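Sharing a structure here in structure tokens format.
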Amino acid sequence: MSSGSVAGITFGGLASNIDTNGIIDKLIQLQKIPLTALTQRQTDLQTKQSVYSQFGQRLSAFGAAAAALDTSTAFHPIAASSNDVSVATITGSASATAGSYALSITQLAQAEKIASAAQQSTTSALNLTGTFVVNGASINVVATDTLTSIAQRINGLNVGVTASLVDGGAGSAFITLGSNNTGVVNRTQLADSSGTVLGSLGLTAGPASSREAITNGFTSANFKNNTDSIGTLLGNTNLGASTIQINGSNVTINGTDNLQTIANSINAAGAGVTATVRAVTSGTTTSYKLDIVGAAGTPTLVDNNNILQSMGVLQQGYGTELVAGQDAKYSLDTLNLTSSSNTITTAIPGATLTLLKGTVAAPGTASLSMVQDNTAIKSKIGDFVTAYNNTVDYVASQSTLNQSTFESGPLFGDPIANQAMTSISSSLFNNVPGMTGQFANLTGAGFTLDRSGHLV
């Protein structure tokens, strides 16, 4: 009997031995054809997904490079330099302008640090009671408190003062208070609201005087708002009423009064002064101060119950000042300037100046230079060209076609990639809306495309 073949399965005749295993293998292979096709399709999609992801990364890099050129300041970067970096350093931002300056430094800003009188130990009870204020925050002291517990409580306030302990043995224990920031304005504000804790510890001494002088008057410490009561602002809910005298006129300040209420009471007393609440902005933070200004010179103040000291209007001297808080003193082109910080961002617009060395006896001098940084401009333009060409090369590498096998890359004929690249390449040389003249598009600025589609 004749033999035949169907779909790869051969029958040798009815009398022949049937290859059952072979038949089953072939049938299984037939069943696997759709699964194999699906698996291949899955692999192709995963490959394309990876290719799209990498394509997107290159487009994002190109977009970032373009954005870096999309501001007027991109073409005005400033290279700042100091001829003596041991005296001062300077950096410029995109908003800086070119210029040169002669710098002379006669004093650096420094943070204040004070010390108590010697105590028996850091851990023995002080047997002191009362409430004192440090930088506008109150601390209540009981008889069992020690130098250690007081230091911990001060540090827990987070008010810009660090309390430290020095233990030199029995009878030689000290607490020190150091301002966290440099400058006269950041000197530590201290006042005994009730009792004499600060005075007994030797942290304060002598008569009270203006803590921060202003023309013809006084100003308080900074407070976070002008609506809370002064008792709330100081963290002392037991703060009662106190009567002060301004130019001999009595003014009552209650613990429930806010800054504006206190100012109103002072103005109503007819003491020949004007009291106002002043907003002070530093960076993004706004605080408030109470100003008391005399109409005919600085007024006289009598501070009953230390309320003015608690508010930072007045302050006693320090017992032992280890390091004096001071401002930086310097000049630019012989113009004398001061700063509470050694890092100065306002003296030269768009530049940050850092003072490092200089005294009255040995001034620190340096020549500062601010020039346009053409290297930075070239670098940004180069990054733009490179990012575009990297994108072009990637699309080309994924769009190949083998003329012999007709195998193609994942992006060969891909409409999304083609549309994206066509849109980008055409927009490169379109006129910018509203612009005319030679530089209305990249062609006028010297950009072209070569035969391979690279931006040159």
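Keep in mind it's a predicted model, so treat the numbers as computed, not measured.
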Q.
Between T243 and I307, does the side chain to side chain contact (heavy atoms under 4.5 Å, CB included) criterion hold? Intermediate values first, please.
A. CA-CA 9 Å; T243 299; I307 183 62; over 6 Å; no
Q: Can you measure from NZ (K380) to CG (D70) and round to the nearest 0.5 angstrom?
A: 11.5 Å
(Q) Tell me whether S423 contacts the main-chain N or O of Q419 through its side chain, where contact means a donor paired with an acceptor under 3.5 Å. (A)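 Here the side-chain-to-backbone pair does not exist.
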Q: Verify, without hydrogens or angle tests, whether N186 (side chain) and T182 (backbone) share a donor-acceptor contact under 3.5 angstrom.
A: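 Side chain of N186 to backbone of T182: a pair is present.
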(Q) Test: ring pair (Phe, Tyr, Trp, His ring centres under 6.0 Å). Region: residues 331-387. Which pairs qualify, not counting sequence neighbours? (A) F62-F384
Q: Could you check if a side-chain atom of T365 sits within less than 4.5 angstrom of a side-chain atom of V87, using non-hydrogen atoms only?
A: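 They are not in side-chain contact.
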**Q.** Test log, rule side-chain hydrogen bond (donor to acceptor under 3.5 Å, both in side chains), inputs D84 and S86
**A.** CA-CA 5 Å; D84 191 340; S86 70; 2.5 Å; yes
(Q) Can you confirm whether Q372 sits close enough to I377 that some side-chain heavy atom of one is under 4.5 Å from a side-chain heavy atom of the other? (A)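 Q372 vs I377: side chains touch.
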Q: Verify the distance criterion only: is there a donor paired with an acceptor across the side chains of N306 and D192 at less than 3.5 Å?
A: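 Side chains of N306 and D192: no pair found under 3.5 Å.
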Q | Value rounded to 0.5 Å, distance of CD1 in I154 from OG1 in T162 | A |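 Rounded to the nearest 0.5 Å, the CD1-OG1 separation comes to 10.0 Å.
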Q: Measure across D327 and S340 and return the closest heavy-atom pair with its distance rounded to 0.1 Å.
A: OD1-CA, 3.4 Å
Q: For I78 and A98, work out which heavy atoms get closest and say how close.
A: CD1-N, 3.8 Å
Q | Any residue meeting salt bridge (charged side-chain N to carboxylate O under 4.0 Å, His left out) with D291, in chain and number order, not counting sequence neighbours | A |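 So D291 forms a salt bridge (charged side-chain N to carboxylate O under 4.0 Å, His left out) with R278.
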Q | Non-neighbouring partners of D145 that pass side-chain hydrogen bond (donor to acceptor under 3.5 Å, both in side chains), sequence neighbours left out | A | S149, R153
Q. So how far is it from L259 CG to T276 OG1, rounded to the nearest 0.5 Å?
A.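 Rounded to the nearest 0.5 Å, the CG-OG1 separation comes out at 11.0 Å.
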Q.
Could you check whether any side-chain heavy atom of Q398 comes within less than 4.5 Å of a side-chain heavy atom of Y52, counting everything from C-beta outward?
A. no
Q: To the nearest 0.5 Å, tell me how far L455 CG sits from I381 CD1.
A: 11.0 Å
Q: Measure from the side-chain N and O atoms of Q189 to the backbone N and O of Q309, and report whether any donor-acceptor pair falls under 3.5 Å.
A: yes
**Q.** V133 to S310 - nearest heavy-atom pair and separation
**A.**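 Closest approach of V133 to S310, heavy atoms only: CG1-O, 3.7 Å.
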Q) Are the side chain of T196 and the backbone of G199 linked by a donor-acceptor contact shorter than 3.5 Å? A)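 Checking the backbone N and O of G199 against the side chain of T196, no donor-acceptor pair under 3.5 Å is found.
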Q.
Looking at S287 and K224, would you say the former's side chain and the latter's main chain have a donor-acceptor pair under 3.5 Å?
A.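 No; judged by distance alone, with no hydrogens or angles, the pair does not exist.
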Q.
When you measure from the side chain of T343 to the backbone of T354, do you find a donor-acceptor pair of N or O atoms at a distance under 3.5 Å?
A. no
Q. Is there a donor-acceptor pair closer than 3.5 Å between any side-chain N or O of D257 and the backbone N or O of N254?
A.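 Yes, the answer is positive, given that a donor and an acceptor are paired below the 3.5 Å cut-off.
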Q: Mind listing the closest non-hydrogen atom pair of Q54 and Y394 along with its distance?
A: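 Heavy atoms only, the tightest pair is CB-OH, 3.3 Å.
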Q.
Under a 3.5 Å cutoff, is there a donor and acceptor pairing between the side chains of Q260 and N226?
A.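 Side-chain D/A pair, Q260 to N226: absent.
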Q: Test S339 against S341 for side-chain hydrogen bond (donor to acceptor under 3.5 Å, both in side chains), laying out the working first.
A: CA-CA 5 Å; S339 170; S341 172; 5.1 Å; no
Q. Taking the side chain from S426 and the backbone from T422, do they hold a donor-acceptor pair closer than 3.5 Å?
A.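 Yes, S426 side chain to T422 backbone: donor-acceptor pair under 3.5 Å.
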Q.
Treating N247 as the side-chain partner and P299 as the backbone partner, does any N or O pair qualify as donor plus acceptor under 3.5 Å?
A. no
Q) Looking at side-chain heavy atoms only, is the closest gap between Y388 and L428 below 4.5 Å? A) yes
Q.
Please evaluate residues S53 and S50 with respect to the criterion side-chain hydrogen bond (donor to acceptor under 3.5 Å, both in side chains), reporting the C-alpha separation (whole Å), side-chain torsions for both, the decisive distance (0.1 Å), and the verdict.
A. CA-CA 5 Å; S53 176; S50 175; over 6 Å; no
Q. If you round to the nearest 0.5 Å, how far is CG of N236 from CG of L234?
A. 7.0 Å
(Q) Would you say N390 and D393 are linked by a side-chain donor-acceptor pair, where the criterion is simply a distance under 3.5 Å? (A) no
Q: Before giving the answer on side chain to side chain contact (heavy atoms under 4.5 Å, CB included), spell out for T237 and T232 the whole-Å C-alpha distance, their side-chain angles and the decisive distance to 0.1 Å.
A: CA-CA 6 Å; T237 57; T232 299; 5.9 Å; no
Q. Between N135 and V159, which heavy-atom pair has the shortest distance, and what is it?
A. ND2-O, 2.8 Å
Q: Go through the steps for T148 and L165 under the test side chain to side chain contact (heavy atoms under 4.5 Å, CB included), then give the verdict.
A: CA-CA 7 Å; T148 299; L165 298 173; 3.5 Å; yes
Q) Does a side-chain heavy-atom distance below 4.5 Å link F132 with S194? A)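 In short, these two side chains do not touch, never coming nearer than 4.5 Å.
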Q) Given D383 and T386, is the side-chain hydrogen bond (donor to acceptor under 3.5 Å, both in side chains) satisfied, shown in steps? A) CA-CA 5 Å; D383 291 343; T386 298; 5.6 Å; no
**Q.** Nearest heavy-atom neighbours spanning V184 and G325
**A.** CG2-O, 3.7 Å
Q | SB check E212 K289 (cutoff 4.0 Å) | A |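 Looking at K289 together with E212, the answer is yes, because their closest N to O distance falls below 4.0 Å.
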Q) Does N258 reach the side chain of I262, with side-chain heavy atoms less than 4.5 Å apart? A) no
Q.
Apply side chain to side chain contact (heavy atoms under 4.5 Å, CB included) to residues L147 and L201 and explain how you reach the verdict.
A. CA-CA 9 Å; L147 289 184; L201 290 176; 4.1 Å; yes
Q. Any side-chain heavy atom of L190 within less than 4.5 Å of one from I114?
A. yes
Q. Can you tell me if Y318 and E112 form a side-chain donor-acceptor pair at under 3.5 Å?
A. yes
**Q.** Donor-acceptor contact below 3.5 Å, side chain S200 vs main chain V197
**A.** no
**Q.** Validation row: T286, V280 side chains within 4.5 angstrom (heavy atoms)
**A.** no
Q. If you round to the nearest 0.5 Å, how far is CG of N155 from CG of L177?
A. 9.0 Å
